[in-house]
Amino acid sequence: MENREIARLFHNYADLLEIKGENPFKIRAYRNGARVIENLGRSVEELVREGFDLRKLPGVGKDLASYIEEIVKEGRFGKLEELEREIPPTLLELLTIEGLGPKRVGVLYRQLGITSLEGLRRALEEGRLEGVPGFGPTLIGKIKRGIELSKKAGKRFLWSEARDYADDLVRYLNQMELERIVVAGSFRRKRETVGDLDILVTGGDGERVIDHFVTYPRVREVLSAGTTRSSIVLENGLQVDLRSVPRESYGSALLYFTGSKAHNIVVRRIALERGLKINEYGLFRGEERIGGESEEEIYREIGLCFIEPELREDRGEIEACREGRLPELVELSDIRGDLHLHTLYSDGTSSIREMALAARERGYSYIAVTDHSKRLTVAHGLDGRRLLQQIEEIDRLNGELDGITILKGIEVDILEDGSLDLEDDLLKRLDVVVGAVHSKFNLSRERQTERILKAFENPYFDILAHPTGRIIGQREPMELDMERILERAKELGVLLEINSQPNRLDLRDIDIQLAKEMGIPLVVSSDAHTPFSLHYMEYGINQARRGWCEKGDIANTAPLPEFLATLRRRR
Ligand code: DGT
Ligand code: CA
Ligand code: CA
């Protein structure tokens with residue numbers, strides 16, 4: 001079982017306990033346990049198999065350790081099943097709606113007998129939430145919008161989640177002697193969410209491959225199993241289509257199943273213009289097969305350059321190829337520093353030193369510590385006094401540590417009126433000021449835009465973090481005049497962040513492409529709250545690549561002195 005699945009069981013348990021109104025300490029213990037498991041960076045299943053003493057993990061005591069073993073060994077969590085007989089587990093659906101946490105869901109359950117999303121929808125229609133203590137008109141409006149959004153999002157999976165499952169499945173398929181295994185589709189194009197996985201294999205006997213595929217231990221359901229193709233549904237609900245194709249068709253099948261559909265249509269048309277035909281089996285002139293073994297070959301034969309999967313969206317990639325201006329996309333290994341991360345000072349799990357060492361381990365030469373500012377009380381935001389303490393600690397650490405420079409920073413709240421949550425006297429002492437909106441997401445487009453432009457006027461404002469504020473599947477991007485924001489950022493030298501948190505990925509690819517065209521430097525940042533989650537950087541890089549970015553478009557690919565020189569106050 002994936003760590004993510006194990007963690008999910010503990011999260012569910014904690015949520016149901018909280019809905020029930022149980023002791024907060026107990027709830028926190030399960031949540032912490034879940035977080036430790038998610039961020040372990042090693043398979044818990046393997047640890048159990050190796051007989052590792054789980055109590056050695058931070059935050060894991062005797063009870064939790066025995067539950068983890070039960071889950072891994074027996075595939076069930078008895079305590080959760082017990083609780084689910086008491087509290088309907090369908091209540092958990094409600095927690096994905098913005099504005100609804102366990103406490104409020106508990107109220108809806110006890111006072112109105114609501115047990116599911118469908119029940120909530122009906123209660124809203126009938127106006128039954130009005131008058132329930134704590135549920136004012138603003139909150140009710142927010143819940144209604146949240147339900148709409150979750151309907152619209154449908155059942156898509158974050159790329160990061162799909163990736164964990166894809167990796168494991170590919171490892172499993174590799175137990176057979178196959179020539180090639182590749183995950184195509186939107187996954188290969190690194191879209192922020194994927195509907196399903198499309199796997200191609202070559203070599204090996206088709207039927208045996210399919211037999212092996214459908215007996216993968218994490219299969220929930222086998223939808224179909226033929227001699228060359230099969231579809232399954234995994235334990236988390238993700239569908240996987242597998243096709244076994246002959247070696248000579250590998251390239252054409254890969255091109256076809258990588259998509260996007262829109263890109264394929266253009267490519268096929270270009271082939272037709274040259275009297276050629278492309279389908280998933282190969283490249284043909286009349287009846288004669290003239291190619292299909294590799295994508296490179298097919299693109300070449302029809303007079304195109306090789307186009308990276310991330311660019312195959314019919315967003316100008318063909319013209320760019322013809323005009324010789326296809327980008328050479330940025331890579332994870334180009335990144336030299338991480339400019340947005342949290343420590344124990346606010347809502348991170350680790351010390352500044354631990355974060356710095358983990359960053360050095362990843363090969364970075366600098367990080368900026370950017371804890372929250374005081375306005376964000378839920379995250380223990382820093383006031384002036386604690387920020388000064390942090391500054392001192394960073395000076396000390398910089399004296400001690402080799403190979404990494406720690407920049408002093410803050411993730412300062414942009415308040416409703418566009419002012420910043422800390423005084424200029426404090427901001428002035430920092431190396432990097434990252435500004436972000438964490439409240440009032442639903443101001444009008446005009447006011448939201450003004451708010452951010454006003455924040456830009458502060459001379460210490462360096463980087464706008466997660467610019468649209470969206471949470472994929474949960475919170476819509478703020479209403480913003482993105483073009484005006486980009487124009488002003490360019491005038492003032494404000495940088496824009498691509499936030500790498502798997503459910504943020506903010507800026508969105510189209511905004512990134514626009515920013516790049518306008519020549520605005522971007523940074524890709526992990527927004528890590530644990531040392532392990534520094535690896536989120538990869539997801540932000542995916543996003544940057546989908547936005548056509550080259551190394552030179554991303555400021556934190558530069559060595560420290562050059563990076564600092566891109567900040568407005570040093571220009
Ligand atoms: P998803 O799964 O919704 O995230 O998006 P995709 O792009 O992975 O779409 P999917 O799984 O339906 O199909 C995989 C690829 O197969 C798709 O990107 C292009 C190709 N494909 C599927 N259906 C068609 C079609 O009707 N016409 C063409 N030209 N290509 C198709
Ligand atoms: Ca797909
Ligand atoms: Ca598919």
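Values reported hereafter were calculated over all heavy atoms of this structure, with side chains retained and with hydrogens, waters and symmetry mates removed. For ligands, and for the atoms within them, numbers begin at 1 and follow the listed sequence.
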Notebook entry, point to check: Out of Arg220, Glu161, Glu5, which residue meets the side chain to side chain donor-acceptor pair (under 3.5 Å) rule with Asn236?
Noted result: Glu161
Next item on the list: Measure the distances from the heavy atoms of Arg191 to every atom of ligand 1 and state whether one is below 4.0 angstrom.
Entry: no
Check: Which atoms from ligand 1 have a heavy atom of Gly195 less than 4.0 Å away?
Finding: 1 (P), 2 (O), 3 (O), 4 (O)
Margin query: Assess whether a salt bridge exists between Arg325 and Glu323, defined as any Lys/Arg side-chain N lying under 4.0 Å from an Asp/Glu carboxylate O.
Written below: yes
Next item on the list: Ignoring hydrogens, just give me the one of Glu313, Glu192, Arg268 whose non-hydrogen atom is nearest atom 29 (N) of ligand 1.
Entry: Arg268
Next item on the list: Decide yes or no on side-chain contact (heavy atoms from CB on, under 4.5 Å) for Glu476 and Glu98, but give the supporting numbers first.
Entry: CA-CA 10 Å; Glu476 289 280 21; Glu98 204 199 351; over 6 Å; no
Note to self: Testing the 3.5 Å rule here: is there a donor-acceptor pair between the side chains of Glu207 and His212?
What the structure shows: no
Next item on the list: Indicate yes or no: does an N/O atom of Ser186 lie under 3.5 Å from an N/O atom of ligand 1?
Entry: yes
Check: Is any NZ, NE, NH1 or NH2 atom of the basic residue among Lys190 and Glu310 found under 4.0 Å from an Asp or Glu carboxylate oxygen of the other?
Finding: yes
Item checked: Salt-bridge contact Glu295-Arg188 (side-chain N to carboxylate O under 4.0 Å) -> yes
Notebook entry, point to check: Out of the N/O/S atoms in Asp196, what is the name of the one closest to the Ca ion (ligand 3)?
Noted result: OD2
Notebook entry, point to check: Considering all protein heavy atoms, does one lie under 4.0 Å from atom 7 (O) of ligand 1?
Noted result: yes
Next item on the list: Considering only non-hydrogen protein atoms, determine which one is nearest to atom 15 (C) of ligand 1 and report residue, atom name and distance to 0.1 Å.
Entry: Phe257 O, 3.3 Å
Item checked: Aromatic plane relationship, Trp159 with Tyr539 - under 30° parallel, 30 to 60° tilted, over 60° perpendicular -> perpendicular
Notebook entry, point to check: Between Asn499 and Gln501, do the side chains contain an N or O donor and an N or O acceptor separated by less than 3.5 Å?
Noted result: no
Next item on the list: Output the list of atoms in ligand 1 that are nearer than 4.0 Å to some heavy atom of Asn264, sorted by atom number.
Entry: 19 (C), 29 (N), 30 (N)
Item checked: Numbered atoms of ligand 1 (with element) below 4.0 Å of Val194, judged on heavy atoms -> 4 (O)
Next item on the list: Would you kindly specify which portion of Thr258 sits under 4.0 Å from ligand 1, judged on non-hydrogen atoms: side chain, backbone, both or neither?
Entry: backbone
Notebook entry, point to check: With respect to atom 27 (N) of ligand 1, which of Arg188, Arg156, Lys261, Arg312 exhibits the smallest heavy-atom separation?
Noted result: Lys261
Notebook entry, point to check: Would you call Glu192 and Arg470 a salt bridge, using N to O less than 4.0 angstrom?
Noted result: yes
Check: Using the ring of each side chain (for Trp, its six-membered ring), is His535 parallel, tilted or perpendicular to Phe532, with breaks at 30° and 60°?
Finding: tilted
Item checked: Part of Asp198 within contact of ligand 1 (heavy atoms, under 4.0 Å) -> side chain
Checklist line | Nearest heavy-atom neighbours spanning Asp481 and Thr449 | finding: N-OG1, 3.0 Å
Note to self: Distance check below 3.0 Å: does Asp241 bring an N, O or S atom to the Ca ion (ligand 2)?
What the structure shows: no
Margin query: Contact between ligand 1 and Leu197 is defined here as a heavy atom of the residue under 4.0 Å from a ligand atom; is it met?
Written below: no
Margin query: Nearest N/O/S atom of Asp198 with respect to the Ca ion (ligand 3), by atom name, please.
Written below: OD1
Notebook entry, point to check: What are the atoms of ligand 1, with element, lying closer than 4.0 Å to any heavy atom of Arg189?
Noted result: 7 (O), 18 (O)
Notebook entry, point to check: Which bit of Tyr256 is near ligand 1, meaning a heavy atom under 4.0 Å away: side chain, backbone, both or neither?
Noted result: both
Next item on the list: Would you mind running through ligand 1 and noting each atom that sits below 4.0 Å from a heavy atom of Asp196?
Entry: 2 (O), 11 (O)
Notebook entry, point to check: Which word best sums up how the rings of Tyr216 and Tyr172 line up, parallel for under 30°, tilted for 30 to 60°, or perpendicular for over 60°?
Noted result: tilted
Check: Can you find a protein heavy atom closer to atom 12 (O) of ligand 1 than 4.0 Å?
Finding: no
Next item on the list: Please confirm whether Arg336 makes a cation-pi placement over Tyr364, using NZ or CZ under 6.0 Å from the six-membered ring centre and within 45° of the ring normal.
Entry: no
Next item on the list: Starting from atom 17 (C) of ligand 1, locate the nearest protein heavy atom and write down its residue, its atom name and how far away it is, to 0.1 Å.
Entry: Gly259 CA, 4.0 Å
Notebook entry, point to check: Does Gly185, backbone or side chain, put an N or O under 3.5 Å from an N or O of ligand 1?
Noted result: no
